[in-house]
Number of protein chains: 4
Amino acid sequence: MQKVVGKTTTKVHSRGRGRPRSDEAHQSILHAAYELLMEVGYTQLTIEGVAARALVGKPTIYRRWSSKARLVMDAFLAATNSELSFPDTGSVKEDILQQMHKLVKILNTPRGQVIATLIGGGQTDPEIISAFQANWLSPRRFDCSQVIKKGIERGELRSDIDIEAVIDALYSPLFYRLLLKHAPLTEDFVDELIDIVMPGLNGYPKV
Amino acid sequence: MQKVVGKTTTKVHSRGRGRPRSDEAHQSILHAAYELLMEVGYTQLTIEGVAARALVGKPTIYRRWSSKARLVMDAFLAATNSELSFPDTGSVKEDILQQMHKLVKILNTPRGQVIATLIGGGQTDPEIISAFQANWLSPRRFDCSQVIKKGIERGELRSDIDIEAVIDALYSPLFYRLLLKHAPLTEDFVDELIDIVMPGLNGYPKV
Amino acid sequence: MQKVVGKTTTKVHSRGRGRPRSDEAHQSILHAAYELLMEVGYTQLTIEGVAARALVGKPTIYRRWSSKARLVMDAFLAATNSELSFPDTGSVKEDILQQMHKLVKILNTPRGQVIATLIGGGQTDPEIISAFQANWLSPRRFDCSQVIKKGIERGELRSDIDIEAVIDALYSPLFYRLLLKHAPLTEDFVDELIDIVMPGLNGYPKV
Amino acid sequence: MQKVVGKTTTKVHSRGRGRPRSDEAHQSILHAAYELLMEVGYTQLTIEGVAARALVGKPTIYRRWSSKARLVMDAFLAATNSELSFPDTGSVKEDILQQMHKLVKILNTPRGQVIATLIGGGQTDPEIISAFQANWLSPRRFDCSQVIKKGIERGELRSDIDIEAVIDALYSPLFYRLLLKHAPLTEDFVDELIDIVMPGLNGYPKV
DNA sequence: ACCTAAGCGAGACGGTACGTCAGGTCTTTCG
DNA sequence: CGAAAGACCTGACGTACCGTCTCGCTTAGGT
């Protein structure tokens, strides 16, 4: 578990004078926040509740995070692990297929709900969206773009595709179902999607 | 503008005795709610704020809508017009392309932000999501599925596709960019998506 | 126990619509406040504490009293009874002597401490002083001035005295000892004071 | 301006090892405290405010004064000058009259307000009252009692009076008006008081 | 000339209470 | 007799200070 200090935390202290901030309190707050996030969700989570569970005063939280959104974002990121790496099977289609299956599994856990509430909360707090995008989404999109570029080099994929659009086409339906809940987010759905999208990327294009 | 009595409103009144409900108050509430929705989004919208702007008491709102979610959905739907119909050009690809362009235009207006905050707020309020899905999303997905079915009958599209998955593949990237804001939601993006997804649906499939 | 609506309460409501303010809550708050005033004094008394003891929400208190000072003032005045009336013995000296004895007895009870903390708190809140002066002090000073005037008419007292100054000369030492605590506030002290001050008021003045 | 080490300061340091306490900080704190005392009064004065104005850390204050009361008393006393001495005109009445005029002048300055808030704050902080009484009131009462004793020896005053009661009778009205503000504290009022009280003390008493 | 104890300003700590806002309910009066 | 208005209680908000506790740094005696 890696401490992530992204856009959401206030500036790291320039080794100024005064008592340094307690790392113990910091961790305790993030941990309490993440627990509550999974137990009651974003909306029901209160700063007072976090303070009480972390055995910390409210001002100690407000001193570090200026809003619930930012605290929750950091708590989420601090609990991130690298479970979403891409395999290297030699086939772009297979690499992406396997990683999307992993992603679907995660989105179907409570962690998936946390992601959903974060994106939801982000609709009224731009900072949370940009932090989520920068610290969670971007790294995974970057990995995916590397896989796609490798596929282009190999001639497995067309060279004139817009990589960002491809990634959107592949992954957005997963988030769409996560958020809209109009249909279940199954692994079969992933297979369907791959079958729909990959042909349009073929190195030997449309007849 | 038509009063929508869908899943979200409480039962219509049985013309009982006593003072009738003021239609003026009703419209005034919906109007105030929609305005606030555009100004501050779903989460920041408060029943008190709506009551104040509509010059109405809180119970007058609660008497008609049992929750913020239902009020907001009605306000949103009351402002709906049917600008998202599909053309009939004879080509599935063209029909969908044109309708998606219309959708993108709308998503880039304040109304797009309202949709975003509704989906966002829905992450912690299941009722919002299901009402949005039932009253706004479903009709458009139905229209789209009719277009697709017509394409299958014509032989323009493969007959073994999962129509729900196809609709997701086509439309979810638009909502994805609406919500995540990692890239602009342009009309060129629509063209790219169509180029990526449609080949996988061809009546005369992959080589 | 008489409900006093003095300078300290906000205007009485013009019998408008809506739920009327609960008199039960009102009395309960005043009672709790007075109890706490006697138990812990003005400074240690908190609005939260009053709310908790009165089984009432904080906003219910703030809706009626804009500050701790005004609440406390009203609580004090609501607990006022008319125990400080002047007798009519036919002798000014005797009338005042007896009433001052009564006052000393009261000032030596917890109620005396409440008065002390009110005057104390009033040093940083002008409103509390003026409310105390208007609702508690003034009536008693008026009674006393009537007694003095009667004495002047009778020829028992000089006619050229400044009545306000006389009242100050008589009563201020009691408050002085109440507040400064440099010496006990005994009934003998009252007798001493009368012996010192009354000769200066004699109808047949200084030789 | 003399550093006062009365009941209020903690023990003087035994000149141990280590860095000696900064006298500059000491003076700066007292000065800041007195300024704030005049600006906002005892109750509104905060240790944080003093520390900020004195450009000093909070612990530097707490190391020297264990409570707000003690700090404030020292700040008040450090700003004392001996402007309230008694003249020696040969007449008790004149001596006291002149000194009371001086006192009234002072009580009508901001310093008078400081005294008022000190007495006020003392109603919920016994330490303030006893320190004020010991370090400010007592010396002046002692001086006054000397004047009175001299008057008794001279035969100008009765020998059977209670000196403490006399001092109270003379001075308490001034503090009474300072604190209750029901009437202005003028020099004419002093003259009135003298006329009322002095006859009761005459060496050749009531007719 | 070093050591070391105690001071320094700064500022974070766990707390308590503040005064406010909005939630959803209840109780009046008015139409 | 039900709609409208507004007070009700509740709970959380974000802030201000409390008095204490580190920090990294002087500052001077003591060895």
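To find a chain, count down the sequence lines: A is the first, B the second, and so on, and within it residues start at 1.
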**Q** Between C1' on E:dC26 and CD on C:Glu24, what's the gap in Å once rounded to a whole number?
**A**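 So the two atoms are 14 Å apart, to the nearest Å.
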**Q** Expressed in angstrom and rounded to an integer, what is the separation of A:Asp23 atom CG from E:dA12 atom P?
**A**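 Rounding to the nearest Å, CG of A:Asp23 and P of E:dA12 are 15 Å apart.
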**Q** Expressed as a whole number of angstroms, how long is the span from B:Trp65:CH2 to E:dG23:P?
**A**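 Taking CH2 of B:Trp65 and P of E:dG23, I get 15 Å after rounding.
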**Q** How many whole angstroms separate atom CG of A:Leu36 from atom P of F:dA12?
**A**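 After rounding, the reported distance stands at 12 Å.
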**Q** Rounded to whole angstroms, how far apart are OH on C:Tyr42 and P on E:dA17?
**A**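 Distance check: C:Tyr42 OH to E:dA17 P gives 16 Å.
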**Q** So do the side chains of B:Ile115 and B:Phe76 get within less than 4.5 Å of each other, counting heavy atoms only?
**A**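 When only atoms from C-beta onward are counted, B:Phe76 and B:Ile115 do touch, with a gap below 4.5 Å.
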**Q** Can you tell me how far apart OG (A:Ser28) and CG (A:Asp23) are? Round to the nearest 0.5 Å.
**A**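 Answer rounded to 0.5 Å: 10.5 Å.
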**Q** Got a list of side-chain donor-acceptor pairs under 3.5 Å for residues 41-48 of chain B, not counting sequence neighbours?
**A**
| residue | atom | partner | partner atom | Å |
| --- | --- | --- | --- | --- |
| B:Tyr42 | OH | B:Asp125 | OD2 | 3.0 |
| B:Thr46 | OG1 | B:Gly49 | N | 2.8 |
| B:Glu48 | OE2 | B:Lys58 | NZ | 2.9 |

**Q** Find out whether A:Asp74 and A:Arg70 are in side-chain contact, i.e. whether some heavy atom of one side chain is under 4.5 Å from a heavy atom of the other.
**A**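 A:Asp74 does not reach A:Arg70 side chain to side chain.
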**Q** Please round to the nearest 0.5 Å and tell me the distance separating atom CE of B:Met73 and atom CG of B:Leu77.
**A**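 Rounded to the nearest 0.5 Å, the CE-CG separation comes to 4.0 Å.
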**Q** Give each protein N/O atom lying under 3.5 Å from an N/O atom of nucleotides 3-5 of chain E, with the pair distance.
**A**
none

**Q** So D:Gln113 and D:Met38, do their side chains get closer than 4.5 Å, heavy atoms only?
**A**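 A side-chain contact under 4.5 Å is absent here.
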**Q** Between D:Thr117 and D:Gly120, is there a donor-acceptor pair closer than 3.5 Å when you use the side chain of the first and the backbone of the second?
**A**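 Such a contact is absent between D:Thr117 side chain and D:Gly120 backbone.
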**Q** In whole angstroms, how far is the P atom of E:dA17 from the NZ atom of C:Lys68?
**A**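 Checked: the NZ to P distance equals 11 Å.
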**Q** Output the rounded distance in Å from NE2 (B:His26) to P (F:dA4).
**A**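 After rounding, the gap between these two atoms is 11 Å.
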**Q** Any residue in residues 43-51 of chain C with a heavy atom nearer than 4.0 angstrom to DNA chain E? Just list them by number, or reply none.
**A**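 Contacting residues: C:Thr46, C:Ile47, C:Glu48.
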**Q** What is the separation between atom OH on C:Tyr62 and atom P on E:dT20, rounded to the nearest whole Å?
**A**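 Those two atoms, OH and P, are 7 Å apart.
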**Q** Please round to the nearest 0.5 Å and tell me the distance separating atom CG of C:Leu71 and atom OG of C:Ser66.
**A**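 Interatomic distance, C:Leu71 CG to C:Ser66 OG, rounded to 0.5 Å: 10.0 Å.
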**Q** Could you tabulate the donor-acceptor pairs under 3.5 Å formed by side-chain atoms of residues 29-37 of chain D, not counting sequence neighbours?
**A**
| residue | atom | partner | partner atom | Å |
| --- | --- | --- | --- | --- |
| D:Tyr34 | OH | D:Arg111 | NH1 | 2.6 |
| D:Glu35 | OE1 | D:Arg53 | NH1 | 2.7 |

**Q** Cut-off 3.5 Å, side chains only: do B:His26 and B:Arg64 have a donor facing an acceptor?
**A**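 The criterion, which ignores hydrogens and geometry beyond distance, is satisfied for B:Arg64 and B:His26.
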**Q** With hydrogens left out and only the distance checked, is there a donor-acceptor pair under 3.5 Å joining B:Arg63's side chain and the base of F:dA4?
**A**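 Answer is yes: a donor-acceptor pair is held.
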**Q** Please give me every residue in residues 53-61 of chain B whose heavy atoms get under 4.0 Å of an atom in DNA chain E, ordered by residue number.
**A**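 Those residues whose heavy atoms fall under 4.0 Å from DNA chain E, taken from residues 53-61 of chain B in numerical order, are B:Lys58, B:Pro59.
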**Q** My understanding is that only residues two or more places apart in sequence, or in another chain, count here; which of them pass salt bridge (charged side-chain N to carboxylate O under 4.0 Å, His left out) with C:Lys68?
**A**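 C:Lys68: no salt bridge (charged side-chain N to carboxylate O under 4.0 Å, His left out) contacts found.
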